[in-house]
Amino acid sequence: MKNVVIVGTQWGDEGKGKITDFLAGKADVVVRFQGGNNAGHTIKFDGNKYALHLIPSGIFRPEAMNILANGMVINPKALLEELAMLKKNNITQYNLAISNRAHVLLPYHMQLDQLYEDLKSNEKKVGTTKKGIGPAYMDKVSRIGIRMADFIDEETFYDKLNDNITYYNNLFKLYGYDQFDVDNVYNEFKEYAKDIKELVTDTSLLLHKYNEEGKKIVYEGAQGNLLCIDHGTYPYVTSSSPTAASVPLNTGISPQFITDVVGITKAYSTRVGSGHFATEFDNDVAKQIRTVGNEFGTTTGRPRRIGWIDTVVLRHSKRVSGINHLSVMLLDVLTGIKELKICVAYKLDGKEIDYIPANIKDYNRCKPVYETLDGWSEDITNVSSFSDLPANAQRYLERISELTGIQLSIFSVGPDRTQTIILNNII
Ligand code: IMP
């Protein structure tokens, strides 16, 4: 039995999809446990490129089971569009199950997302993906959410939809936003419910069964630990917990089942949306990283903010997620940069600290303390082992591993599956 959790150690977009896809090759089951179509994974292989937002990366392996677990908020229309995209690309041999406890994301959640952002002044905007994620989780916590089990039961779906639309239309009217017609939404979405009904099941039971059978299970985190609703840079976070700690709750497995946690980091840092970013910089080197690393959002297309790698952030993620394997992605993007900076601590009002302050005003005042390492200029995109790397690239990786206290298990030097170098057996 193996239960391996993959988490982003930064603010998302660390390249988790590629590692999940890679590990899914050896896994029997791949699980998404939180978030919704705010996430975006681009997977490249055999010369093709696929953008996934809801579906786990294991979908490309006909023998793997893919699960959308109870911690997710699922937009059925977006899910069906993704399935249609796969069909168009002749990917039809797959296994997929959706938790009957997962929440359904509906069009009014997207309008609420827009409304809540519009009501905030510029500096207070979270910069959400506008996919309706926060409002869908708000309904869940307010106990008015529509779960998959309700969605596939026409009578319950209509009843709950009617309550919610009636309630939210009052709010939309107050602020001059579009009204929703219950029957229109119902007639459109009940068809989607029919299309996915067969896939909806109790995935907690399934996962227990797979564990009893000694199966290998990979849990694919979306976003990153710093976007966690509890342990992230609140309020500039998403509305779920992308930490390994949330896996048992969000899937219905026992915490004791988790065997390994792989933390994915870029060789540098990026962030989309608002919020303090201590190591951010914006000059020609940042532009070079953005261009070479193609640092534009998969879901929104927004240019990502660029920063140096921050080991305060990585140690924070290690602490809250129990990371025991480190995977450093996009190392090749740093090729040709003369000097590389690594943030080793923060300075807050003249005092050196090694944590992320909870108070956002304090975090805003944190300045990075850097160590500078020499870069390398050799092309590393074809290396197949650690010892193939130029000495300075080896030193850079070793230093990150030393500063985080996490063994380096994977590094990646390009977008293709073949450009992922595994140093320790994980699954
Ligand atoms: P939401 O998840 O759409 O509510 O957005 C909340 C914050 O999380 C914003 O700063 C988004 O840019 C960020 N975010 C959400 N999903 C992702 C992701 O997959 N990658 C990176 N940032 C994300």
Side-chain angles (χ1 to χ4, degrees), residues 6-20 32-43 51-57 71-75 78 82 103 105-120 122-141 220-243 246 250 264-266 268-277 280 290 293-307 313 317 329-330 360 363:
I6 299 171
V7 294
T9 58
Q10 302 165 308
W11 287 273
D13 311 317
E14 297 92 349
K16 295 176 296 293
K18 186 183 172 197
I19 298 303
T20 314
R32 263 288 302 272
F33 57 93
Q34 43 75 229
N37 62 329
N38 49 346
H41 291 161
T42 307
I43 294 171
L52 295 178
H53 298 282
L54 282 163
I55 297 178
S57 323
M72 290 189 74
V73 288
I74 302 169
N75 176 336
E82 234 165 89
H103 279 248
L105 192 152
L106 291 155
Y108 51 88
H109 292 125
M110 289 188 265
Q111 186 163 291
L112 285 166
D113 203 350
Q114 182 71 54
L115 169 64
Y116 296 141
E117 281 286 87
D118 288 350
L119 290 178
K120 291 181 180 131
N122 268 346
E123 69 282 4
K124 288 190 178 152
K125 289 187 199 305
V126 176
T128 73
T129 58
K130 308 274 168 60
K131 299 289 177 187
I133 306 298
Y137 280 114
M138 282 168 71
D139 278 5
K140 172 177 175 172
V141 179
E220 171 183 347
Q223 292 90 39
N225 280 188
L226 272 290
L227 289 174
C228 171
I229 186 78
D230 275 90
H231 298 290
T233 46
Y234 191 88
Y236 302 102
V237 293
T238 191
S239 299
S240 64
S241 176
T243 65
S246 92
N250 285 327
I264 317 288
T265 176
K266 279 179 177 160
Y268 46 94
S269 306
T270 62
R271 183 165 195 179
V272 278
S274 322
H276 185 58
F277 184 9
E280 182 172 20
R290 187 176 295 116
N294 190 26
E295 295 296 356
F296 298 89
T298 322
T299 305
T300 58
R302 290 181 287 183
R304 295 180 184 142
R305 299 158 67 193
I306 307 290
V313 161
S317 284
M329 316 299 291
L330 294 139
I360 210 73
Y363 195 36

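These numbers come from the heavy atoms of this one structure, side chains and all, not from hydrogens, waters or symmetry mates. For ligands, and for the atoms within them, numbers begin at 1 and follow the listed sequence. None of the values given here were measured: they were computed from a predicted structure.
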Item to check | For Val272, atoms of ligand 1 separated by under 4.0 Å from a heavy atom | outcome: 10 (O), 12 (O), 21 (C), 22 (N)
Item to check | With Tyr137 via ring-ring contact (aromatic ring centres under 6.0 Å, His included) - residues at least two apart | outcome: none
Checklist entry - When you measure from atom 7 (C) of ligand 1 to every protein heavy atom, which one gives the shortest distance, and what is it? => result Val237 O, 3.7 Å
Checklist entry - Is there a side-chain contact (heavy atoms from CB on, under 4.5 Å) between Val126 and Tyr116 once you walk through the steps? => result CA-CA 10 Å; Val126 176; Tyr116 296 141; over 6 Å; no
Checklist entry - What residue and heavy atom of the protein are closest to atom 2 (O) of ligand 1, and at what distance? => result Thr238 OG1, 2.6 Å
Item to check | Nitrogen or oxygen of Arg302 less than 3.5 angstrom from that of ligand 1 | outcome: yes
Checklist outcome for this item: protein heavy-atom neighbour closest to atom 21 (C) of ligand 1 works out as Asp13 OD2, 3.1 Å
Item to check | ligand 1 versus Leu227: contacting region, heavy-atom distance under 4.0 Å | outcome: side chain
Item to check | Positive for side-chain hydrogen bond (donor to acceptor under 3.5 Å, both in side chains) with Glu295, one of Arg304, Arg290, Arg302 | outcome: Arg304
Checklist entry - Looking at atom 5 (O) of ligand 1, what's its closest protein heavy atom, distance included? => result Thr128 CA, 3.3 Å
Checklist entry - Is Trp11 in contact with ligand 1, taking contact as a heavy-atom separation below 4.0 Å? => result yes
Item to check | Interatomic distance, Asn37 atom CG to Glu82 atom CD [nearest 0.5 angstrom] | outcome: 7.5 Å
Item to check | Shortest non-hydrogen contact from Pro135 toward His109 | outcome: CG-O, 3.5 Å
Item to check | Distance from atom 11 (C) of ligand 1 to nearest protein heavy atom, with residue and atom | outcome: Gly127 O, 3.6 Å
Checklist entry - Can you name the ring-ring contact (aromatic ring centres under 6.0 Å, His included) partners of His276, sequence neighbours left out? => result Tyr363
Next on the checklist: Heavy atom to atom 17 (C) of ligand 1, shortest distance: which of Lys16, Lys130, Arg271, Gln223 holds it?
Outcome noted: Gln223
Checklist entry - Does the pair Leu105 and Met110 meet the rule for a side-chain contact (heavy atoms from CB on, under 4.5 Å), with working shown? => result CA-CA 8 Å; Leu105 192 152; Met110 289 188 265; 4.2 Å; yes
Item to check | Polar atom proximity, Ser239 to ligand 1 (N or O, under 3.5 Å) | outcome: no
Item to check | Nearest-neighbour protein heavy atom for atom 3 (O) of ligand 1, which is reported as residue plus atom name and distance | outcome: Thr129 OG1, 2.6 Å
Next on the checklist: Apply side-chain contact (heavy atoms from CB on, under 4.5 Å) to residues Thr129 and Gln223 and explain how you reach the verdict.
Outcome noted: CA-CA 12 Å; Thr129 58; Gln223 292 90 39; over 6 Å; no
Checklist entry - ligand 1 and Ser274, any nitrogen or oxygen pair closer than 3.5 angstrom? => result no
Next on the checklist: Would the distance check show the side chain of Gln114 and the main-chain N or O of Lys130 forming a donor-acceptor pair, the cut-off being under 3.5 Å?
Outcome noted: no
